[in-house]
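Each chain gets a letter, A, B and so on, in the order its sequence line appears, and its residues count up from 1.
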Amino acid sequence: MNNIKRYLVTSALPYANGPIHIGHLAGVYVPSDIYTRYLRMKGLDVISVCGSDEHGVPITLKARKEGVTPQEIVDRYHELNKKAFADFGIAFDIYSRTSGKVHYETASEFFRKLYDDGEFTEKTSEQYYDEEAGCFLADRYIMGTCPHCGNENAYGDQCEKCGTSLSPNDLINPHSTVSGSKPVLRETLHWYLPLDKYEPWLKKWILEDHKEWKANVYGQCKSWLDQGLHPRAVSRDLDWGVPVPVEGANGKVLYVWFDAPIGYISATKELTPDWEKYWKDEETKMVHFIGKDNIVFHCIIFPSMLKAEGSFILPENVPANEFLNLENDKISTSRNWAVWLHEYLEDFPGKQDVLRYALCASAPETKDNDFTWKDFQARNNNELVAILGNFVNRTLILTGNYYEGKIPEPGTTTPGDDAVLKEIGKIKDNVETSLESYRFREALKEAMNLARLGNKYLADEEPWKVVKTDPERVKTIMNVALQITANLTIICEPFLPFSMEKLRGWININELDWNKAGSTVLLPAGHVINKPGLLFEKIEDEEITRQTEKLLATKKANDTAGSKATPSKDPITFDDFSKIDIRTATILEAEKVPKTTKLLKLKIDTGIDVRTIVSGIAEYYEPADIIGRQISIVANLEPRKIKGIDSQGMILMAEDRDGKLVMVTPAQNVGNGSMIK
RNA sequence: UGCGGGGUGGAGCAGUGGUAGCUCGUUGGGCUCAUAACCCAAAGGUCGGGGGUUCGAAUCCUCCCUCCGCUACCA
């Protein structure tokens, strides 16, 4: 793409039903912020838009659960998240929301244009309807008995017990989780975007014209396109969202995935009356920053919508990141396994840049990555403090000691000085190359090399020694070191905006022009600097321990207090119960079933006979450890072939909330074959 | 079981055909301006294993082992 006149940067709209955590920041907002700041510093025309995604079923259910309106839910998280972004210096030009008036108009117009152009197809289908609550039910809000395993708490889309994927019609005895009533099937009309129609040009546009996209993005698009695309519904039966702007479409709203990306357009409209320049001019370069869960929407569906509308440009790149784990475990809002931005700032006030740095340095750019507090501490102590902070500190202290804060006049430079000064420009170029190819980890490392260069220069030149013999020479040395420092304030600015602002204050300049980076006269001789402080401070072990203990407490809470027992099953007669023959037995032999991860083949003595049982406990018990253990079994269960082995019965296991299995063993050893009743 | 992504010095990673590299850690030295920070040097790798292609393979092909995610088996 040549002739780029302006940039439009979008960052995934966070869903307004929870706070923002480090995973969001590392994957989307830190990279987008670095990129935006860099472009702005170059003096380019760039706007960065974001906002809250506030529609969809989960928000209505959360509202119902808390007894408030959906609007109250989204108001709460919109404000919280807006503030969190602002606190971390994420430099959006606007943080809008999809419940706003402009968005309603924009989304309606967009839909209406496609509708009038005949871009949608219509289809009537039967869906479950909750008569008591007066609403249609999304699959996962219907529960019933799983036809495969008999689990009575299976969801309409999947049984979590046996893992089978289901459709609501498969469920025995379905009931609504909203009102508890029995839903009925009802006909409903919806509009569909025929993605299959766009397949040919999508294939060309992505697979041929955008081979430069990141491997994870390109690969996922390719797999979608290879599988073939299908029409997707763009409307839903719901009372929370943008109403479908068509006669007789009462009670129908735009499906949230259709509505949300249009939020980028509405946000731009709110920001500037010139919004069309950014969305409809071929000389605008649009870049979407997202997480990997959003690839299909931003690379396939939204471009299809834009293409169908006809007057919009398409994204130039979609640098999606993978996911961030926390201390070796998936980040999870419901399990409270996360570092929340607002909590981080309470524990580490003023240390926004430290988190920004740690997250950028180990951002999940090419594969899922792990955030650990130990790594966070090491990044701070060994890199920010020891390399960057230390260089700045030694330079400024020496300048204070020798020249009372006045920049010395340089004399003749040595070839060594010249090489170092030239290196500044090279580092600047390297950072640019990395940033423009969305390699933020590399860019950051390269920026830090400038501080490394500075430390090495001081160590090589030893001004504290030379000052005793050749004070004139020291003036040149310190001038060079100061020019490096001034360059740091520009080159590190996109990554560490808070610290660099502080540093600019100390050296008393206000230069934010990226193009000036590489200059060796940013600080003119005679310029007076202010009294410096410490740019970063060490983080002690105790602070890290406090954080890991906090997480440990969360784990514990998840294990015990949070575990609510599932409701009891329907009553049975004593007769029913006595049909089950439960006995004690002893394990004689145990071995892993080859090519499986969970199965053990056990030979057990039931008192009646010696038989084989296959059991899914291999993840919790080593074969060698359980030989000789007494257990409980269901003795009269129909035999069943598992992995080709006849399994005669079933071992009783207690299963906790995480699915961990524990053997049910008599409190004292009793004879094999004793009845349990 | 299927699909996808990994396996490179103690740890974390880069490197897709031509002398194996970075950060941290370790050891030794230097410096003492600096938040015990900084600088230099050294030790440490048969690049998961076998086979193949090639003048030449961490890099290409093939088989296998192993780890992670999803998936399956777990009455």
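- With the nearest nucleotide of RNA chain B identified for both A/Lys445 and A/Asp460, A/Lys445 has the one nearer the 5' end.
- Across B/A37, B/C13, B/C39, the shortest atom-to-atom separation from the side chain of A/Lys456 is found for B/C39.
- Comparing the P positions of B/G10 and B/G56 gives an interatomic distance of 30 Å, to the nearest angstrom.
- A salt bridge does not link A/Glu543 with A/Arg546: none of the charged nitrogens is closer than 4.0 Å to a carboxylate oxygen.
- Separation of the C1' atoms belonging to B/C64 and B/C55 is 29 Å when rounded to the nearest angstrom.
- No donor-acceptor pair closer than 3.5 Å links the side chain of A/Asn393 to the backbone N or O of A/Leu535.
- The interatomic distance linking A/Leu602 (CG) with B/C74 (C1') rounds to 12 Å, in whole Å.
- In this structure, A/Ala378 reaches neither bases nor backbone, as no heavy-atom distance under 4.0 Å exists between it and the strands shown.
- Rounded to whole angstrom, the span from the CG atom of A/Asn382 across to the P atom of B/C39 amounts to 12 Å.
- Residues A/Trp464 and A/Arg394 have side chains in contact (heavy-atom distance under 4.5 Å, counting atoms from C-beta outward).
- Computed from coordinates, the A/Leu453 CG to B/C38 C1' distance equals 13 Å when rounded to whole Å.
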Nucleotides 28-35 of chain B: protein proximity per nucleotide (B base, S sugar-phosphate only, - neither; heavy atom, under 4.0 Å):
---SSBBB
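- Counting only N and O atoms by type, the side chains of A/Asn449 and A/Arg452 include a donor and acceptor under 3.5 Å apart.
- Distance check on atom P: B/A37 versus B/C24 gives 12 Å, rounded to whole Å.
- Rounded to whole Å, atom P of B/C39 lies 11 Å from atom CZ of A/Phe391.
- The interatomic distance linking A/Leu388 (CG) with B/C38 (C1') rounds to 13 Å, in whole Å.
- Listed by chain and number, the residues in a side chain to side chain contact (heavy atoms under 4.5 Å, CB included) with A/Glu423 are A/Lys426, A/Ile427, A/Leu453 (sequence neighbours excluded).
- Distance CD (A/Glu327) to P (B/G12): 14 Å, rounded to an integer number of Å.
- Comparing the same atom, C1', in B/G52 and in B/U8 gives a spacing of 22 Å after rounding to whole Å.
- Whole-Å rounding puts the A/Asn380 CG to B/C24 P distance at 15 Å.
- Nucleotides B/C31 and B/C40 place their C1' atoms 10 Å apart, quoted to the nearest Å.
- Annotation: B/U66 and B/C22 have their P atoms spaced 34 Å apart (nearest Å).
- Nucleotides B/C13 and B/G25 have their C1' atoms positioned 14 Å apart, rounded to a whole Å.
- Using modelled atom types, one finds no donor on one side chain facing an acceptor on the other under 3.5 Å when comparing A/Asn487 with A/Gln483.
- Counting any heavy atom pair closer than 4.0 Å across all strands shown, A/Glu383 reaches sugar-phosphate atoms only and no base atom.
- Comparing the C1' positions of B/G17 and B/U54 gives an interatomic distance of 9 Å, to the nearest angstrom.
- With pairs defined as Watson-Crick or G-U wobble and both atom distances under 3.5 Å, the stems of at least three pairs that touch RNA chain B come out as B:2-7 with B:65-70, B:10-13 with B:21-24, B:26-30 with B:38-42, B:48-52 with B:60-64.
- Counting heavy atoms from C-beta outward, A/Met478 and A/Thr395 have side chains that approach closer than 4.5 Å.
- Of the charged side-chain nitrogens involved, none lies within less than 4.0 Å of a carboxylate oxygen, so that A/Asp418 and A/Lys422 do not count as a salt-bridged pair.
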For the pair A/Tyr357 and A/Asn380, evaluate side chain to side chain donor-acceptor pair (under 3.5 Å) and give the outcome as yes or no after the intermediate values.
CA-CA 8 Å; A/Tyr357 182 87; A/Asn380 179 76; over 6 Å; no
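- Here the CZ atom belonging to A/Phe536 is positioned 6.0 Å from the CG atom belonging to A/Asp353, to the nearest 0.5 angstrom.
- If you take CD1 of A/Ile651 and C1' of B/C74, they are 11 Å apart, rounded to a whole angstrom.
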